[in-house]
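Following: one structure in structure tokens, then a few remarks.
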Amino acid sequence: MTDNTIGFDKVDSYGLKDISAKDIQNNLFLSIKKNEDHKTIVSVDCGSKKDVVQIGGDELVIMAGPCAVTTEEELMLTAQNAKKHGAKMLRGGAYKPLTFPHKDPSKREEGLKILRKAGDKYGLPVVTEVMDTREVELVGKYADMLQIGARNMSNFSLLKEVGEFGKPVLLKRHMGLSLRDWLGAAEHILKAGNNNVVLCERGISVPHTHDPNARFIMDVQVIPAAKYFTHLPVIADPSHSTFNRKLVAPMARAAISAGADGLIIDVTQIPEKDPVDPLQGLSYESFGKLMSELNIIAGAIGRKL
Ligand code: PEP
Ligand code: MN
């Protein structure tokens, strides 16, 4: 055992082959817990208001909003409803990693401006994706937290850039990469001098699932496994991991039960009409129902919503 590990004996008994004792010592020493009580609480500002939200403490942080920003009117209504039901942050994509390049519903900088306006109006810090090193400055001007999408988890120059930029980072796990790779990606941000990193499980690709149309499946197990190794907060995305609104609430409840520090959920006015990912968004009403259920679960596991 060395000072900066949680004990090799425990790692071995945990039974994970993915992360070795050598990794803990040589490769992952910034993201690995120094002891069992070691946890980082990531503080997020809301525009000029400081420390509005803390991620990784007793209180769960639910981020809600559209997959892609559409109109100001709709985003304002969504922010209002998200706030009403207890969301602590506003999500929304202006720069979208689309599977096919032929549609671009996002309004880019206009989308960022609308997000900022809605976030400020409702006191909800804004999390939004940055896809490219050339956009960090621009997205960082409007966002309170920079999201690294699943597909960019191993874009090391982007990780370094957001690390140096300094605003909190939401690091999504790639759909095909391991916990070791994910922590390795976090290590790049930490090494660049930014300790405000939150990990997000967003579903993995597996060959056999319950449904031939399923793209991803939420790796609920990775939540306690990640929290066993790292001091960083871990949240989950039940929307992108299920791609199916009927499965969002059950997986949201499962993720919180498994120890997630929060969730990021697609919520919009008319989810079926969303220009991106119309199968997975929740209506305001369904989101409200889910939040009441999560409140009960939070109480049962000694946390707050
Ligand atoms: C998103 O949250 O908008 C998104 C594109 O997610 P992911 O990177 O997990 O696919
Ligand atoms: Mn999406």
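One-based numbering, in listed order, for ligands and for the atoms of each. In what follows, residues are counted from 1 in the order of the sequence shown.
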4.0 Å heavy-atom contact, Gly93 with ligand 1: no

Check: Glu109 and Tyr142 side chains under 4.5 Å, non-hydrogen atoms: yes

N-O pairing of Asp45 and Lys167 below 4.0 Å: no

Shortest protein heavy-atom distance from atom 3 (O) of ligand 1, along with the residue and atom involved: Lys96 NZ, 2.7 Å

Numbered atoms and elements of ligand 1 in range of Arg91, under 4.0 angstrom, heavy atoms: 1 (C), 2 (O), 3 (O)

Ligand-residue contact atoms, ligand 1 with Gly149, heavy atoms, under 4.0 Å: 8 (O)

Ligand 1 N/O within reach of Arg151 N/O, cut-off under 3.5 Å: yes

Atoms of protein origin (N, O or S) under 2.8 Å from the Mn ion (ligand 2): Cys67 SG, His240 NE2, Asp277 OD2

Heavy-atom proximity to atom 6 (O) of ligand 1, best of Met131, Arg202, Lys172: Lys172

Candidate pair Tyr284 and Thr268, rule side-chain hydrogen bond (donor to acceptor under 3.5 Å, both in side chains), full reasoning: CA-CA 7 Å; Tyr284 305 147; Thr268 46; over 6 Å; no

Met175 near ligand 1 by a heavy-atom separation under 4.0 Å: no

Nearest-option assignment for atom 1 (C) of ligand 1, heavy atoms, candidates His240, Arg173, Met63, Met153: His240

More than 12 heavy atoms from other groups under 6.0 Å of CD on Glu272: yes

Working for side chain to side chain contact (heavy atoms under 4.5 Å, CB included), residues Arg253 and Glu293: CA-CA 8 Å; Arg253 297 191 300 255; Glu293 294 164 354; 2.9 Å; yes

Pair Asn295-Ser292, side-chain donor/acceptor within less than 3.5 Å: no

Test item: side-chain donor near acceptor, Gln147 and Thr128, under 3.5 Å: no

Winner among Ala150, Pro66, Ala68, Cys200 once heavy atoms are compared against atom 8 (O) of ligand 1: Ala150

Non-hydrogen side-chain atoms of Val248 and Ile265 separated by less than 4.5 Å: yes

Atoms of ligand 1, numbered as shown, that sit under 4.0 Å from any heavy atom of Pro97: 5 (C)

Close side-chain approach of Glu72 and Glu110, heavy atoms under 4.5 Å: no

Axial cation check for Phe243 ring with Arg215, 6.0 Å and 45° limits: yes

Arg180 atom CZ: more than 12 heavy-atom contacts under 6.0 Å: no

